Amino acid sequence: FLPHKLHLRCISLLYLLIQGEPVSKVTVAKFGGTSVADAEAMRRCAAIVTQTANTRVVVLSASSGVTNLLVDLARGTLSAAEQEIHLKKLKSIQDNILNELGTPAPLRQTIDGILKEIADMARQATQNSDAALEDRLVAQGELMSTRLFTEMMNHLGYKAVWFDVRKVMRTDSRFGRATPAIEAIHNLAQQEMAGLLKDHIVITQGFIGANADGQTTTLGRGGSDFSAALLAEALGVDELEIWTDVPGIYTTDPRLVKEAHPIPEISFSEAAEMATFGAKVLHPATLQPAVRKGIPVFVGSSKEPAAGGTWVRETTESNPLFRAVALRRNQILLTLHSPNMLHACGFLAQVFSILAKHGISVDLITTSEVSVAITLDQTGSSSTGRSVLNDGVLDELNAFCKVKVETDLALVALIGNRMSEVNGVGTQVFDAVSEHNVRMICYGASTHNLCFLVPESDASLVVQKLHQRLLGK
Ligand code: ASP
Ligand code: MG
């Protein structure tokens with residue numbers, strides 16, 4: 001049977017080639033908030049999408065600023081006057097784009113309907129807000145930007161369809177930072193979405209999803225990249241493009257170091273470390289779905305698509321010792337001290353089970369004989385910015401060990417290759433920062449990074465020094 005099948009495949013491939021039809025690839029393209037900030041920005045996205053026939057799925061963020069306004073409204077603490085101002089700002093962002101599109105009546109109606117819903121939910125939030133309502137409210141930004149972009153694409157003569165991602169982006173019910181259900185998403189995407197790609201460009205939302213009961217959830221702030229990667233995985237596409245406002249991944253934040261430069265290619269492992277350790281271009285979890293499927297990811301600027309960008313691939317041609325420096329501010333250092341830990345087993349297990357129960361993810365960890373130090377990331381803890389360390393966790397930890405919480409710390413991470421296998425890495429790094437107090441060091445768990453905590457106030461200088469010594473051109 002097999003040779004016969006193979007034979008048939010060859011013939012059909014030959015047939016395709018003779019016909020001149022490309023053996024088509026499929027690309028998912030994601031555009032961030034600044035890329036869809038207004039009509040002009042959206043037109044640039046449309047040009048990028050239509051430049052190749054491969055782009056069949058477009059995932060959008062909310063227009064720049066919209067999610068922040070919605071989050072404020074969702075908190076339910078604004079006065080009636082402040083609410084009014086927020087609602088006006090939201091309306092004006094949408095109206096500017098609508099006007100440019102000639103204000104088609106059906107779309108006007110749709111957007112007005114959403115704006116009214118937002119106003120209603122915002123009022124409700126001031127009475128008694130709950131996490132489910134918050135998510136329903138903050139999800140509206142993506143629902144609007146995708147409506148507007150679909151209209152633009154249709155207006156330009158392309159067969160674009162608006163697609164409610166909640167039909168496929170199945171998550172659990174942890175509102176504000178829901179966890180995707182990979183298998184369900186795969187099945188739903190195949191059922192509901194895959195068929196549309198053949199002759200449509202599907203326009204859909206990042207950031208949002210729904211639980212099994214159909215309630216709207218969100219993946220956490222900045223979650224659109226993750227959405228795009230999840231859809232790329234579920235649909236089994238060939239490439240994922242992440243379009244943002246910078247032409248790729250930089251050696252470090254160019255606002256901190258003016259010599260910072262874009263990296264042409266970087267491996268999945270390095271990029272994952274970078275994202276985890278604070279590089280802003282990619283959401284920390286973004287790469288996981290792409291890594292699982294080996295889908296190459298391109299990161300570029302929708303403002304200057306011709307400037308190129310960074311390819312993130314499974315393996316790269318270059319593998320330098322130092323590739324980049326990442327910085328993550330707003331770290332909490334939790335030191336847990338217990339004399340009982342001496343020669344005992346199970347202490348760490350107990351600590352981690354408490355943290356896990358409260359959904360707190362641990363970043364770095366070092367231990368001594370009787371204490372353990374753990375860093376927690378305070379930024380972007382949930383879509384609406386609740387603190388990660390609540391009283392409940394602290395009470396539980398306090399019950400069996402001494403707890404010390406330090407804040408105003410920043411995490412500096414050096415990213416590269418074979419770092420734990422090459423002699424002299426530590427000397428090079430710590431020579432560069434010899435004038436600064438290094439609070440904690442993690443080295444050796446991965447060959448791709450070396451990271452340490454410094455006081456928040458030293459962070460910029462430390463990054464500048466490291467870049468100059470190790471990555472300066
Ligand atoms: N609009 C959401 C946010 O601002 C998601 C995203 O843009 O990735 O966080
Ligand atoms: Mg394209």
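When a ligand or atom number is given, it counts from 1 through the structure's own listing order. Note that this is a predicted model, so its numbers are computed, not measured. All values below come from the heavy atoms of this structure, side chains included, with hydrogens, waters and symmetry mates left out.
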Point to revise | Pairs meeting criterion ring-ring contact (aromatic ring centres under 6.0 Å, His included) with involvement of residues 287-314, two or more places apart | key: Trp243-Phe298, Phe298-Trp311
Review point. Within less than 4.0 angstrom of ligand 1, does Gly223 place any heavy atom?
Key: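 Yes, Gly223 has a heavy atom closer than 4.0 Å to ligand 1.
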Check your understanding: Any non-hydrogen atom of Gly32 lying under 4.0 Å from ligand 1?
Key -> no
Check your understanding: Do Leu364 and Ile441 come within less than 4.5 Å of each other through their side chains, counting heavy atoms only?
Key -> no
Check your understanding: Is there a donor-acceptor pair closer than 3.5 Å between any side-chain N or O of Glu134 and the backbone N or O of Ala132?
Key ->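 Judged by distance alone, no pair lies under 3.5 Å.
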Which of the numbered atoms in ligand 1 are under 4.0 angstrom from any heavy atom belonging to [X]?
X: Glu142; value: 1 (N), 2 (C), 5 (C)
X: Ser61; value: 6 (C), 7 (O), 8 (O)
X: Ser224; value: 5 (C), 6 (C), 7 (O), 8 (O)
X: Arg221; value: 3 (C), 4 (O), 9 (O)

**Study point:** NE2 (His155) with more than 12 external heavy atoms under 6.0 Å
**Key:**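 Check fails, neighbour count at 12 or below.
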**Study point:** Residues which pass side chain to side chain contact (heavy atoms under 4.5 Å, CB included) with Val291, listed by chain and number, not counting sequence neighbours
**Key:** Phe268, Leu287
Check your understanding: Would you say Gly222 has any N or O atom under 3.5 Å from an N or O of ligand 1, going by distance alone?
Key -> yes
Exercise for review: State plainly whether the residues Arg147 and Glu151 are in salt-bridge range, i.e. N to O under 4.0 Å.
Suggested key: no
